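Presented below is the structure to which this report refers.
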Amino acid sequence: MMTRLAPVSESAKTAPPTPVSAATQDGETPRLLVIDGHSMAFRAFYALPPENFATDTGQHTNAVHGFTSMLLTMIRQQKPTHVVVAFDLDTPTFRSLEYTEYKGGRNKTPEEFYGQIDLIIKVMAAMNIPTISVDGFEADDIIATLSVQGETAGWDVLVVSGDRDAFQLITDKVLVLYPKKGISDIPPMDAAAVEAKYFVPPNRYSDLAALVGETADNLPGVPGVGPKTAAKWINQYGGLEGILDNLDSIGGKVGESLRAHVDDVKRNRRLNHLLRDMELPVALDDMVLQAPDREAVEELFDALQFNTLRKRLFDLFGEEEEHDDGEGHQVPAHQLVTEAAALKKWLAAGKATLTAVDVLSEPLGLQREAVAVALVRADSAAVVELGTADEALDRQLGTWLAGDAPKVVHEYKEALKALAPRGHSLGGVVDDTSLSGYLIQPDRRSYDLPDLSQMHLKVTFAAAGTSDAGQLDLGLEGGARFADAVQRGYVALLLSEHFAPMLAERGAATLLAQLELPLAAVLAQMELTGIDVSQERLDALLADFTAAMNAAQAAAFDAIGHEVNLGSPKQLQEVLFEELGLPKTKKIKTGYTTDAASLKALLEKTGHEFLAQLMAHREASKLKQMVETLKKSVDADGRIHTTYAQNVAATGRLSSNNPNLQNIPIRSEEGRRVRDLFVVSDGYECLLAADYSQIEMRIMAHLSGDAGLIQAYAQGEDLHRYVGSHVFGVAPEEVTSAMRSKVKAMSYGLAYGLTSFGLSKQLEISVDEARTLVKDYFDRFGGVRDYLRGVVEQARIDGFTSTIEGRRRYLPDLTSTDRQLRDLAERVALNSPIQGSAADIIKHAMLGVAAELDKQGLKSRMLLQVHDELVLEIWPGERDAVQALVVAQMGAAADLLVPLEVQVGVGSSWNDAGH
DNA sequence: GCCCACACGTA
DNA sequence: CGTACGTGTGGGCA
């Protein structure tokens, strides 16, 4: 049985950026296509109805669609060898600085246009077409400079612009395409066309425009003077200079008018003169038309829902959507193996061949248990059912699975967990495509095999039961599931092959092999182990919190004289702001916030009993709900087995779910009672919690190399006290707790991209005060300022940030023209290296701890990870040894310029082990 | 049943 | 207008 997998593109895997046109190689004259981005985007916007072009998320795309369509047409018709797009920035230009009304009076940009320029820039990036914008200058200046550069190089230049100022650029070699309305295929303007229309040569067009004026730019001309009069004067006096030299000899009413407005004319001429000698960030040769970045186009056009455009694009660039080379990319037939000898034979046939392993599993309590294993190679596949396998077959399989034979898996950790109840392990895993996909692109929503396959291979296949492809074997028992598993394995194999060069290019191969893959095995063990919870405490706590919640609710109802759903922010707004007429809080989408901070402020202001009870209810119901969730998560073994997600947090952190054990309360007294639910198992001595002290600040000290911070840590000082003493210029012992908490907030804030505004809000001080605080801080710790500044700059250049282990996070929005997006990307750029490096470090520590426990033959075990904390369970008598090895491994997990300090506590519950 | 907004717990 | 997560509720939609 062969299942056809479609569609598959061979070219997607190769496709280096090669020039599409052979013109330059043939020695023909290069043709440069220069596009005025904003003006063409606007043309497209008004040519297509926005209501017909929008994504599911409501983003309008009519301008993007029209622009892209226009560009494709242009490339097809004009056959340029080089293409570039110039954009304006919305920053002031030398023109607007000279003449504040420049381009004033324009209608407000329609709301539907927002975001579309950014999308166009993304489309250009995906098409490998360079875009240029230069602070302080307009696209017109860039275009003029490019025209001159192209002409000087002996190239043909075609300028596409909706701005008539471009006419001054026309020469023998430079033509202008000026679309009249929307996007039409009118022929380019040459010198003759300009003269036919305006009666002046192109190099005099600016003179004419200065006299006539340009309403689009809010540049009034001479009243009564139109193109005809202007052209007559220009030709009579040989240009504007001649006219100005002979002002007095021009008669009639128009002559008077000219003399009255001569200053306007001079200003117009200064402003419509285009700079032709700018320094541009892109060289002509880098504008060569390349094949599009197929992956990026797929992703972007998927998001934009541009299906016909995608086809047009790939057609234009000669890339087939489908490619059948008659070999490979066909899921191999599989044999159902029922005897050890048959398996042995199959395994021996491809001893050192990379094999994909797909584990089929079924629920077992709240966990899963493997029921079959599919082994997939490029040309053959075998399936082994675990339930029916005899001992010999099971042993044969188990030995091979645990052995060194190179394997590819998708979701290694899940495979390990499902195999464990069968007594099987999995060794020799060289790739887990859910992890390699993550390292390549850490901010994706999903790393499902079908998603990755669609994205990277353009191969569509559906999960079991939903796909036609998976239905072929319904007649055979379990056959469809097996075929599906084989298909998954085959796709994982293809993906792994596809990813290998990408990982290498990003320097992520080591990260995968040395960190993430071994960590997956450690995490699998931690998840399998789980943590014991006290059923008695659980029930008692649930009762307590429920009672507290009910009491608070009753008291709240009493306070206002009627019932209300306290869990409904909407109903609460009614009560608070209309019924009780309390002062309005911070505005949110649905009205005014009722969050804890605002309720607290309201309570302090008004002292209303309802507020106090509402807050009590909030806390109790939150905790009750959390305890309920935990109770539901207790497995048959009386333990809670969380699941760690290794590919969710874009920074490299783990996340925890089902249930989340990384957000168990610790700050409030009541909350800590939840932490007390987690107890040491029978037979073990105690729980041990070890956490890094201020790891993010230490990483900041390391990455910035700031001498002050490094010294503070080297001396083992109280960091915030030390910083406070320097910022406030007092002796360390004179740092008040208010001063300390201010610098503490700021120190941490800096790692998150905090602004003066944000700091002022948090510390409840004025923005000026906050600004001074930041300045004083940076005056004392200049290394931090330089580092933070450099991180963003470097990320803008590279397109990504890196952690100390080289884990990357791509931030395309750093160059977005959307302020909000750009600012957010900058804050992310500040935080990601720090948060991500901390994640790298504790991951290394976990590997070290696991290896050392194993090496020393200890029975103690690792249970939990909470970002900067590890929780272990100590076997009787091993406490000192484990504490020593944990401190040693955590401390040695990275070689920083400052020491890594580890705090340890032990106790019979997680709360007791805290400190 | 699905999705969003809100709220809130952690590092 | 400080980063990274997960989970629960209410409420509007289909």
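This one's a predicted model, so the numbers in the text were calculated from it and none came from an experiment. The chains referred to below are lettered A, B, ... by the order of the sequence lines, with proteins before strands, and numbering in each begins at 1.
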Give one of base, sugar-phosphate or nothing for [X], where a contact means two heavy atoms less than 4.0 Å apart.
| X | value |
| --- | --- |
| A:Gly749 | base |
| A:Ala596 | sugar-phosphate |
| A:Ala839 | nothing |
| A:Val674 | nothing |
| A:Leu630 | nothing |
| A:Ile666 | sugar-phosphate |
| A:Ile588 | sugar-phosphate |
| A:Ser756 | nothing |
| A:Ala745 | base |

Is it the case that the base of C:dG2 and the side chain of A:Gln762 share a donor-acceptor contact (distance under 3.5 Å, atom types as modelled)?
yes

base_contact_polar (B:dA7 base, A:Arg618 side chain, donor-acceptor, <3.5 Å)
no

Spacing of [X] atom [atom1] relative to [N] atom [atom2], expressed in whole Å:
| X | N | atom1 | atom2 | result |
| --- | --- | --- | --- | --- |
| A:Lys761 | C:dG2 | NZ | C1' | 11 Å |
| A:Gln903 | B:dA11 | CD | P | 12 Å |
| A:Glu869 | C:dC5 | CD | C1' | 16 Å |
| A:Trp910 | B:dA11 | CH2 | C1' | 11 Å |
| A:Tyr748 | C:dA4 | OH | P | 18 Å |
| A:Arg445 | B:dC3 | CZ | C1' | 11 Å |
| A:Met615 | B:dA7 | CE | C1' | 13 Å |
| A:Tyr438 | C:dC5 | OH | C1' | 11 Å |

Can you tell me if [X] touches the phosphate of [N], counting only side-chain N or O atoms and a distance under 4.0 Å to OP1 or OP2?
| X | N | value |
| --- | --- | --- |
| A:Arg653 | B:dT10 | no |
| A:Thr651 | C:dA4 | no |
| A:Arg827 | C:dC1 | no |

So, A:Asp818 and A:Ser816: side-chain donor and acceptor under 3.5 Å apart, yes or no? no

Per-nt protein contacts along nucleotides 7-14 of chain C (heavy atom under 4.0 Å; B base, S backbone sugar-phosphate only, - none) come out as SS-SSS--

On DNA chain C, more 5' by nearest nucleotide between A:Leu654 and A:Ser747 is A:Ser747

Contacts of A:Arg809 and A:Phe757 projected onto DNA chain C by closest heavy atom; the upstream (5') one is A:Phe757

Report task. Answer yes or no: are there more than 12 heavy-atom neighbours, outside A:Lys744 itself, under 6.0 Å from its atom NZ? Result -> no

A cation-pi test, strictly: NZ or CZ of A:Arg639 under 6.0 Å from the centre of the six-membered ring of A:Phe678 and no more than 45 degrees from its axis. Yes or no?
no

query: Cationic tip of A:Lys413 within the cone over A:Tyr644's six-membered ring, i.e. under 6.0 Å and within 45° of the normal?
result: no

Taking only distance into account, with no hydrogens and no angle test, what donor-acceptor pairs under 3.5 Å do side-chain atoms of residues 776-793 of chain A form with protein atoms, sequence neighbours excluded?
{"from": "A:Tyr777", "atom 1": "OH", "to": "A:Ser747", "atom 2": "OG", "distance (Å)": "2.8"}
{"from": "A:Asp779", "atom 1": "OD2", "to": "A:Lys775", "atom 2": "NZ", "distance (Å)": "2.8"}
{"from": "A:Arg780", "atom 1": "NE", "to": "A:His726", "atom 2": "O", "distance (Å)": "3.1"}

Q: Give a yes or no answer on whether the side chain of A:Ser568 reaches the backbone of A:Asn565 with a donor-acceptor pair at less than 3.5 Å.
A: no

A:Ile765 meets the side-chain contact (heavy atoms from CB on, under 4.5 Å) criterion, sequence neighbours left out, with A:Lys742, A:Ser760, A:Leu763, A:Glu769, A:Ala770, A:Leu773

Check your understanding: Between A:Tyr438 and A:Val648, is any pair of side-chain heavy atoms under 4.5 Å apart?
Key -> no

A:Thr755 has its side chain closest, among B:dA7, C:dC1, C:dG6, to C:dC1

Here the pair of heavy atoms bringing A:Trp910 nearest to A:Ile664 is CZ3-CG1, 3.8 Å

**Asked** Between C:dC1 and B:dA5, how far is it from one P atom to the other, in whole Å?
**Response** 15 Å

